[in-house]
Amino acid sequence: MSQGNPPRRPGFPARLPSLANAQPAPVRPATAPGSVTASGWGLDSAAVRQRMVQRLAAGGIQSPLVLQAMGQVQRHGFVDSALVTQAYEDTSLPIGWQQTISKPSVVARMVELLLGAPAAKAQGLGRVLEIGTGCGYQAAVLSMVAREVYSIERLRNLHEKARSNLRPLRLANVHLLLGDGMLGYPRGGPYAGIISAAGGQALPTAWLEQLAVGGRLVAPMVQENGQQMLLVVERHEQGFTESVLEAVHFVPLKSGVA
Ligand code: SAH
């Protein structure tokens, strides 16, 4: 729970136990649209999130699993308190150390692409490797649709931030690792899905090696014309197939740990 630092995450689940004492909800004074009281968020955010889910569905996300996961994970618990009112808008937000949490529509799109892998369609999504834990939001979403999630972050500060953001959720299938994601994480593989939240110039060979047959890799990658595009690579018995999808804007993939 967020007892350690409540002001940073207003209304995160820590508030709920006190509400469980069956007190009727206090009637809040009228406030300006979009302004919420700290204690109001834990309860009101479900409705706000549902509206976000409706927008995702209207925008083309079809997987019920993905929509359900997006409706469940409290994105406002992963951003600083000053940004909480923007948490359910379709926008990327700063998470410190010059990094950003991806837009909900991009998270949903990439996770849906992972679920489209032949192996995932046949038997559900198995082990997933995420490169770029950031604040931990996407790892939480992945934990709802995959059996195991290994998430690597190269910045110690963000790795620690994700740890404290995710601790209250007690997601037993999420494994946070500090390291250079360009090397993948062979011990957790082979992976049914590999998803990168940072865009590189070329696909690290470690990712291809650690991708399971029937699995999919979804990553932003800079193309020859300098434009960053979303790439989907599928591994088959005979080799790999690659599709280049829409343009995206991700922070750069960097090597080494800092
Ligand atoms: N999925 C994240 C988005 C984080 S932004 C979220 O939900 O918040 C992308 C992250 O990738 C940044 O935190 C950046 O530090 C990290 N990153 C960049 N290159 C990396 C690498 N080689 N290994 C691991 N993480 C990397």
Side-chain angles (χ1 to χ4, degrees), residues 1-21 23-56 69-108 111 130 132-144 149 151 153-171 174 176 178 197-198 249-251 258:
M1 296 288 168
S2 62
Q3 288 97 330
N5 201 357
R8 273 190 57 241
R9 282 182 284 154
F12 206 53
R15 300 269 174 186
L16 292 176
S18 61
L19 295 167
N21 298 335
Q23 296 291 334
V27 177
R28 279 187 279 117
T31 48
S35 80
V36 282
T37 60
S39 61
W41 261 98
L43 298 174
D44 298 349
S45 73
V48 185
R49 235 177 356 268
Q50 241 8 81
R51 283 200 289 280
M52 175 188 82
V53 168
Q54 283 160 8
R55 287 195 303 271
L56 291 173
M70 298 297 294
Q72 241 171 329
V73 180
Q74 304 196 346
R75 193 168 183 258
H76 71 271
F78 292 84
V79 298
D80 285 343
S81 56
L83 301 170
V84 152
T85 54
Q86 295 174 62
Y88 297 104
E89 288 170 17
D90 196 29
T91 173
S92 56
L93 294 168
I95 53 174
W97 299 280
Q98 292 155 16
Q99 307 302 321
T100 52
I101 179 174
S102 313
K103 291 202 246 197
S105 60
V106 170
V107 172
V111 175
E130 179 191 38
T133 314
C135 65
Y137 171 72
Q138 183 170 268
V141 173
L142 287 168
S143 81
M144 316 255 151
V149 179
S151 182
E153 174 57 55
R154 65 179 287 274
L155 298 179
R156 194 176 299 271
N157 288 328
L158 277 173
H159 168 74
E160 292 302 332
K161 187 172 195 164
R163 236 180 227 303
S164 69
N165 283 343
L166 290 170
R167 193 171 294 123
L169 305 185
R170 295 203 179 92
L171 304 170
V174 175
L176 298 182
L178 176 66
H249 302 280
F250 279 82
V251 295

*Asks:* Minimum heavy-atom separation for A197 and G132, please, with both atom names.
*Replies:* CB-O, 3.7 Å
*Asks:* Closest heavy-atom contact between R49 and M70?
*Replies:* CD-O, 3.7 Å
*Asks:* Show the nearest heavy-atom pair for residues N165 and G77, with the distance to one decimal.
*Replies:* OD1-O, 3.7 Å
*Asks:* Looking at every non-hydrogen atom in both residues, tell me the closest pair between G71 and Q50 and how far apart they are.
*Replies:* CA-OE1, 4.2 Å
*Asks:* Of all heavy-atom pairs between S92 and T100, which one has the smallest distance, and what is that distance?
*Replies:* CB-CB, 4.4 Å
*Asks:* Once side-chain contact (heavy atoms from CB on, under 4.5 Å) is applied, do any residues pair with R163, and if so which ones, sequence neighbours excluded?
*Replies:* H159, E160, R167, L176
*Asks:* Would you say P94 and L83 make side-chain contact, with heavy atoms under 4.5 Å?
*Replies:* yes
*Asks:* Starting at CE of M52, measure out to OG of S45 and round the result to the nearest 0.5 Å.
*Replies:* 10.0 Å
*Asks:* For the residue pair I101 and C135, what are the closest heavy atoms and their distance?
*Replies:* CD1-SG, 3.6 Å
*Asks:* With D90, which residues qualify under side-chain contact (heavy atoms from CB on, under 4.5 Å), at least two apart?
*Replies:* K103, P104, S105
*Asks:* Taking side chain to side chain donor-acceptor pair (under 3.5 Å) as the definition, give me every residue that meets it alongside T133, ordered by chain and number, with sequence neighbours left out.
*Replies:* S151
*Asks:* Do the side chain of E153 and the main chain of L155 share a donor and acceptor less than 3.5 angstrom apart?
*Replies:* yes
*Asks:* Would L166 and F78 count as a side-chain contact (heavy atoms from CB on, under 4.5 Å) if you check the C-alpha gap in whole Å, the side-chain angles of each, and the deciding distance to 0.1 Å?
*Replies:* CA-CA 9 Å; L166 290 170; F78 292 84; 3.7 Å; yes
*Asks:* Check the side chains of R75 and Y137 for a donor-acceptor pair under 3.5 angstrom, ignoring hydrogens and angles.
*Replies:* no
*Asks:* Is it the case that the side chain of K161 and the backbone of G96 share a donor-acceptor pair, with hydrogens and angles ignored and the cut-off at 3.5 Å?
*Replies:* no
